[in-house]
Amino acid sequence: QVQLVESGGGLVQAGGSLRLSCAASGRTMDTYGVGWFRQAPGKEREFVAAIRWRISSTYYSDSAKGRFAISRDIAKNTVYLQMNNLKPEDTAVYYCAAARRITTVQEEWDFWGKGTQVTVSS
């Protein structure tokens, strides 16, 4: 089992920044990818970004490209999502997930955190 705990959410004005953290435990993460998804009220959960733990290759949704950056700290077993130039439409609960194969399909991810709320005011 992989346990994932998100932190760093909050309220920010449009144009501001937040950095989310996802602390992983329970297994060596070398063979996993870690991703961020988000779910806004009344909407489906959507893929935001992902990173392969071992080689640090990254993947982004079109809405995240150019504004968000995903990274990982091996020593801390933590993945970060730096979010810049935030917009009201970025308001959602952000979830961290882990899986052996990176995909944009949420059903194919094996382990999930409980989420952290991000609210962007206009």
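Computation of the quantities below employed the complete heavy-atom set of this structure, encompassing side-chain atoms and omitting hydrogens, waters and symmetry-equivalent molecules. We count residues from 1, following the sequence as given.
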Quick check: is [Y] connected to [X] through a chain of hydrophobic side chains (ILVMFWY, heavy atoms under 4.5 Å apart)?
X: Y94; Y: V2; value: yes
X: I70; Y: I74; value: yes
X: V118; Y: Y80; value: no

Any side-chain to backbone donor/acceptor pair from [X] onto [Y]? Under 3.5 Å, distance only.
X: Y59; Y: T103; result: no
X: T58; Y: I51; result: no
X: E6; Y: C96; result: yes

Could you tell me which non-hydrogen atom of [X] sits nearest to which non-hydrogen atom of [Y], and how far apart they are?
X: Q117; Y: A92; answer: NE2-O, 3.4 Å
X: G115; Y: V93; answer: CA-CG1, 3.9 Å
X: C22; Y: W36; answer: CB-CZ2, 3.6 Å
X: A14; Y: P88; answer: CB-CD, 4.1 Å

Are [X] and [Y] side-chain neighbours, meaning at least one heavy-atom pair lies under 4.5 Å?
X: W109; Y: I102; answer: yes
X: R67; Y: M83; answer: no
X: N84; Y: Q82; answer: yes
X: L4; Y: Y95; answer: no

| request: Can you sort out the partners of F111 under ring-ring contact (aromatic ring centres under 6.0 Å, His included), two or more places apart, ordered by chain and number? | output: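 If we apply the ring-ring contact (aromatic ring centres under 6.0 Å, His included) test to F111, skipping adjacent residues, there are no hits.
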| request: Check T119, T91, L86 against V12 for a side-chain contact (heavy atoms from CB on, under 4.5 Å) and give me the one that passes. | output: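 One option only clears the test, and that one is L86.
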| query | Taking the six-membered ring of F37, is the NZ or CZ of R45 close enough (under 6.0 Å from the centre) and on axis enough (within 45°)? | reply |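 Checked: cation-pi criterion not met.
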To the nearest 0.5 Å, how far apart are [atom1] in [X] and [atom2] in [Y]?
X: T78; Y: L20; atom1: OG1; atom2: CG; value: 12.5 Å
X: Y60; Y: F47; atom1: OH; atom2: CZ; value: 9.5 Å
X: T104; Y: Q106; atom1: OG1; atom2: CD; value: 10.5 Å
X: R19; Y: L81; atom1: CZ; atom2: CG; value: 10.5 Å

| Sequence-distant partners of N77, side-chain hydrogen bond (donor to acceptor under 3.5 Å, both in side chains), two or more places apart |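 N77: no side-chain hydrogen bond (donor to acceptor under 3.5 Å, both in side chains) contacts found.
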| request: Apply the test side-chain contact (heavy atoms from CB on, under 4.5 Å) to residues S63 and R38: give CA-CA distance (whole Å), side-chain angles for both, the deciding distance (0.1 Å), then the verdict. | output: CA-CA 12 Å; S63 62; R38 67 186 184 186; 3.5 Å; yes
| said: I'd like to check the salt bridge (charged side-chain N to carboxylate O under 4.0 Å, His left out) partners of E89; sequence neighbours left out, ordered by chain and number. | reply: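 Once residues adjacent in sequence are excluded, E89 has no partner under the salt bridge (charged side-chain N to carboxylate O under 4.0 Å, His left out) criterion.
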| said: Under a 4.0 Å threshold between the charged nitrogen and the carboxylate oxygen, would D90 count as salt-bridged to K87? | reply: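 D90 and K87: not salt-bridged.
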| Does the side-chain contact (heavy atoms from CB on, under 4.5 Å) test come out yes or no for V34 and M29, once each step is laid out? | CA-CA 9 Å; V34 177; M29 297 301 291; 3.6 Å; yes
